[in-house]
Amino acid sequence: MTNKRLSVVVTGANRGIGLELVSQYLTDGWQVHSCCREPELATQLASLASNSALSIHQLDVGNPDSVENLGLALSEHSIDLLINNAGIYGGERQSFGDIDYEQWARVLNVNTLGPYRVSTALADQVENSERRLIVNVSSTMGSIEQYASGGHYIYRSSKTALNMVTVNLAHDLRSRGITVLSVHPGWVRTDMGGSSADISTPTSATGLRQLIDDVSIVDSGRFFSWDGSPLPW
Amino acid sequence: MLPLTCLSSPDTTPTPSRRSTLPSVLITGASRGLGREFARQYASAGWTVHAGVRNLHQRSAIEELQHEQIICHQLDVAKHDQILSVTTELAQEPIDLLINNAGFWLGKDEHYGRCDDARWMEEFRVHMFGTMAMCESFVQQVAASKRKLIVNISSGNGSLTLENGIGDYPYNTSKAGLNLITKGLAADLKQRGITVVCFTPGFVATDMSGPDADLTPHESVSAMRAIIDTLGPEQTGTFLRYNGETVPW
């Protein structure tokens, strides 16, 4: 085995947890392929670009052509770790009696079909790597077991459906040695999580990296919190 | 046999005397399979049955629903205007039981690397959006009834734990999403006294599953009806097998 650099693909890398993961993996010496919808507006990501281990790709996970282009751009690379982090919340109209159905379709396309698309587009490159990991950034808001309060139907159902994508991908990719997980990043102080959330982005990303280091194929198809604890469906 | 009653406009509502005395059920996807069997059995039990069918002009499907207690409505749950028009027709009608049964399966080809985006989204529109839109539209009629029940027909494929039928991304994700919706509705509608559950009907021989199934529609629906009779607020938000066993999420 050569001591080649490990490589990671991070979607939704322009801010929040995605940006922090990019930063931490760069510090750790990984080759990082970062993806976001509008690279020209991703100033914080661009500020990390002096590091030659970082590449920035335009990617809209909701657009099949865009995902296909990423697959072509990375066709010669091996990818140790794919982090499907890109996701959207879907606006305010998610309560019973006031559901925005078109927004719901849009959120499912990005949050649920997006990770499926990117995973299938990059599965060969992941298979050809040392670590062979796919991590879907889900949320405990997608846990049916923990859903006691109602509301937030759009976001929650997209993450439940994403967890089902994880279970199905884990099954379909097991014979290729690929581990697939759903993870809950914690309630993180980001644009989505708000300023009163529990933990900082560095705390979340550090926990997720530790979890990612610790898992193996026997964990494939499971759901973990950022601190490594297992979560119920 | 009496002539089939099919409502095509809001001005032909059933007589008030009938709706005040008997429980009523509204069933989506009632032209075949489990939906048709629910309609048949509830009608035989004396309930007023509102049968939502996607094609009111498809005589063969409608004729099989011929029964004096059954009123057919044009209802494709993926079409909000049709939901609204049935809601208008039934505005004054208490609905004791709403059965969100309409569903479909894309077939064996929607597997890894071969899922069609538009068809996947169609599964979401019918199983998830359709169920939610029916509940949003009929919540007052259900709340105004005696029994106050909503039953969502899900599938073992929607269980993240059981991994039934694994590999069918569109169907499995849309049924898991439906289960999440059921849990949320249970919480949101609790204050109105409405009980919401989801069922896996078992592996039933219908047009969807084919002939190699374990149960007939009659067996599955009879068993579910027996469980539905016993449902109350303490069961709300649960995922039940047709025989009443709890299914893991």
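Letters A, B, ... mirror the listed sequences (proteins, then strands); counts begin at 1.
- Defined by atom type and a distance below 3.5 Å, a donor-acceptor pair is missing between the side-chain atoms of B:Asn179 and A:Tyr147.
- Contact annotation for B:His80: only side-chain heavy atoms (C-beta onward) come within less than 4.5 Å of a heavy atom of chain A.
- Proximity to chain A is limited to the side chain of B:Trp120, based on heavy atoms less than 4.5 angstrom apart.
- Panel note: side chain B:Asn172, backbone A:Asn168; no donor-acceptor pair is recorded below 3.5 Å.
- Using a 4.5 Å cut-off between heavy atoms, B:Leu189 touches chain A through its side chain atoms alone.
- Residue with the most contacts toward chain A among B:Thr173, B:Ile181, B:Asp188, B:Leu180: B:Leu180 (heavy-atom pairs, distance under 4.5 Å).
- B:Phe124 touches chain A through its side chain: at least one heavy atom from C-beta onward sits under 4.5 Å away, while N, CA, C and O do not.
- The main-chain N or O of A:Glu145 is found under 3.5 Å from a side-chain atom of B:Lys183 such that the two form a donor-acceptor pair.
- Both the backbone and the side chain of B:Ala133 have a heavy atom closer than 4.5 Å to some heavy atom of chain A.
- Between the side chains of A:Tyr116 and B:Asp117, not a single donor N or O lies within less than 3.5 Å of an accepting N or O.
- Taken from OH in B:Tyr171 to CE in A:Met164, the straight-line distance is 11.0 Å, to the nearest 0.5 Å.
- Using a 4.5 Å cut-off between heavy atoms, B:Ser174 makes no contact with chain A at all.
- Between A:Arg174 and B:Glu163 no salt bridge is recorded (no basic side-chain N to carboxylate O distance below 4.0 Å).
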